[in-house]
Colleague: 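Take this structure, written in structure tokens, and hold onto it; I'll ask about it next.
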Amino acid sequence: MARDGQRKGRGCLITLVVLVVLAAGIWFVGLPIANNKAEDFVDSAVRNAMGSPGMPRVGYRDIQIDATRGQVDIYDLAIPLEEGSSLHAARIRVTVSPSELVAFGMGRSSGLSKADIAIQQFTYKATDTVVAFDVAQISLDGSLDFNNPESSMIQHIIVDASNASFTDPHAGMGFSSETLQLDVTGKLTAASLQKDFDGLLDDLAYIDIAATSGNLVPEAETMNQLGMFAAVSPWIADTENWSFESAAVQARSLDDELAIDTFTLDAPLMEASGKASLPRGEGTDTAISLEVADLNSQVRSELAPIAQYMGQTIPEGAFSFNFSWEGTGIPQLSFQSPTK
């Protein structure tokens with residue numbers, strides 16, 4: 001599975017850096033020609049920007065330059081990646097700092113610290129992974145090295161996308177949503193995205209995700225892990241019910257746990273908020289604490305026998321739910337009515 005993650009993740013960060021390097025090279029060549037369309041200069045800039053070892057071949061229909069604004073528009077971008085993977089976008093606008101480009105051109109720096117990328121009709125396809133969205137704004141902060149893109153480090157990523165979707169049988173859960181906001185801080189390099197998911201968490205610090213009007217798509221392994229809960233609850237077992245109006249997660253990646261500081265969900269299943277601690281690395285403990293404002297009535301009745309078997313009763317109306325498990329033995333859970 002780790003190898004699958006390497007194949008699928010390899011080059012994702014490099015691809016973003018490639019776009020920035022490509023835009024910078026074209027912009028720097030385009031500046032002296034004052035935005036006149038000169039295909040020879042553009043083609044030369046593309047070849048120079050993509051000349052570094054390991055860079056994928058880039059195809060495009062047209063490139064337009066606004067040198068004074070530090071903008072490059074690339075139309076019908078197509079990048080073939082490893083092992084049959086590919087990336088396509090109808091249009092990508094890369095905006096970089098003109099002053100930083102001038103400093104680079106004068107030999108005072110080797111790259112950029114920031115780039116903004118606007119993308120339309122984006123699709124990334126691998127053997128069994130698909131990432132797509134209609135429109136997205138991406139902001140990158142860090143160190144983008146023109147001379148050695150693989151040594152670049154991204155410390156902050158902000159993504160604001162619409163009609164986003166993700167499927168990957170190895171991830172356990174796919175999703176689609178009308179809006180998606182992602183705010184990530186850490187120290188991401190090309191090597192980061194050659195790791196599996198748990199390894200990637202080593203290079204992340206804070207992860208904030210918010211989505212609206214979406215659906216979760218659990219893979220077969222995830223459904224199997226639901227075990228008796230799916231068996232006794234036909235409502236939960238029906239993935240048509242795995243939709244949500246809004247969901248948000250704020251999390252921190254620690255050595256032995258993924259700490260979910262806040263979690264909110266407004267969905268047909270429930271309206272709830274809470275926090276959780278999920279094990280990673282050498283960690284074994286799992287803890288979930290929820291304040292449930294509303295629970296689907298069918299699910300309430302279907303799960304009542306399990307709660308009773310555990311010596312618990314699901315209260316009517318709002319309630320608190322706590323779950324803990326030390327990795328072995330029987331998990332502990334409790335339901336409590338709100339304190340009056």
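What's counted below: heavy atoms across the whole structure, side chains too, no hydrogens, waters or symmetry copies. Residue numbers run from 1 in the order of the sequence given.
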Colleague: The test is side-chain contact (heavy atoms from CB on, under 4.5 Å); show your working for Leu204 and Val184 and say whether it passes.
Modeller: CA-CA 7 Å; Leu204 298 179; Val184 175; 3.4 Å; yes
Colleague: Report the residues that fulfil side chain to side chain donor-acceptor pair (under 3.5 Å) with Asp134, sequence neighbours left out, ordered by chain and then residue number.
Modeller: Asn163
Colleague: Rounded to the nearest 0.5 Å, how far does CG of Asn241 lie from CG of Asn215?
Modeller: 10.0 Å
Colleague: Apply side-chain contact (heavy atoms from CB on, under 4.5 Å) to the pair Leu188 and Ile157, showing each step before the final yes or no.
Modeller: CA-CA 9 Å; Leu188 288 168; Ile157 301 175; 3.7 Å; yes
Colleague: Can you give me every donor-acceptor pair (side chain of residues 172-182, partner residue at least two apart or in another chain, under 3.5 Å) with its distance?
Modeller:
from	atom 1	to	atom 2	distance (Å)
Ser177	OG	Thr179	O	3.1
Thr179	OG1	Thr212	OG1	2.5

Colleague: Once you round to the nearest 0.5 Å, how far does CD of Glu271 lie from CG of Asn296?
Modeller: 13.0 Å
Colleague: Only counting residues at least two apart or in another chain, list the ones meeting salt bridge (charged side-chain N to carboxylate O under 4.0 Å, His left out) with Asp76.
Modeller: Arg61
Colleague: Say you draw a straight line from CG of Asp116 to CD1 of Ile158; how long is it, rounded to the nearest 0.5 Å?
Modeller: 9.0 Å
Colleague: Of all residues at least two apart in sequence or in a different chain, which pass the side chain to side chain donor-acceptor pair (under 3.5 Å) check with Arg93?
Modeller: Asp73
Colleague: For the atom pair CG (Leu303) and CD1 (Ile236), what is the distance rounded to the nearest 0.5 Å?
Modeller: 5.0 Å
Colleague: Quick one: CD1 on Ile314 to OG on Ser337, what's the gap to the nearest 0.5 Å?
Modeller: 11.5 Å
Colleague: State whether Asp141 and Lys114 are salt-bridged, where the test is any N-O pair (Lys NZ or Arg NE/NH1/NH2 against Asp/Glu carboxylate O) under 4.0 Å.
Modeller: yes
Colleague: Anything under 30° is parallel, anything over 60° is perpendicular, the rest tilted; go ahead and classify Phe335 against Phe321.
Modeller: tilted
Colleague: Under a 3.5 Å threshold, yes or no: a donor from one side chain and an acceptor from the other, between Ser324 and Gln332?
Modeller: no
Colleague: Side chains of Asp261 and Lys275: closer than 4.5 Å at any heavy-atom pair?
Modeller: no
Colleague: Pair Asp285, Trp325 - check side-chain contact (heavy atoms from CB on, under 4.5 Å), show working.
Modeller: CA-CA 6 Å; Asp285 294 354; Trp325 187 45; over 6 Å; no
Colleague: What pairs of residues pass the side-chain hydrogen bond (donor to acceptor under 3.5 Å, both in side chains) test when at least one of them lies in residues 303-320, not counting sequence neighbours?
Modeller: Glu291-Ser320
Colleague: Taking atom types as modelled, is there a side-chain donor on Ser246 or Asp266 under 3.5 Å from an acceptor on the other?
Modeller: no
Colleague: Nearest 0.5 angstrom please: Ser113 OG to His156 NE2, how far?
Modeller: 13.5 Å
Colleague: For a side-chain contact (heavy atoms from CB on, under 4.5 Å) check, start with the C-alpha distance between Leu87 and Leu77, then their side-chain angles and the critical distance, and finish with the verdict.
Modeller: CA-CA 8 Å; Leu87 179 152; Leu77 177 76; 4.1 Å; yes
Colleague: Applying salt bridge (charged side-chain N to carboxylate O under 4.0 Å, His left out), name anything that partners Asp183, two or more places apart in sequence or on another chain.
Modeller: none
Colleague: Any side-chain heavy atom of Ile119 sitting closer than 4.5 Å to one from Phe133?
Modeller: yes
Colleague: Decide, yes or no, whether a salt bridge links Arg280 with Asp202 under the criterion of side-chain N to carboxylate O below 4.0 Å.
Modeller: yes
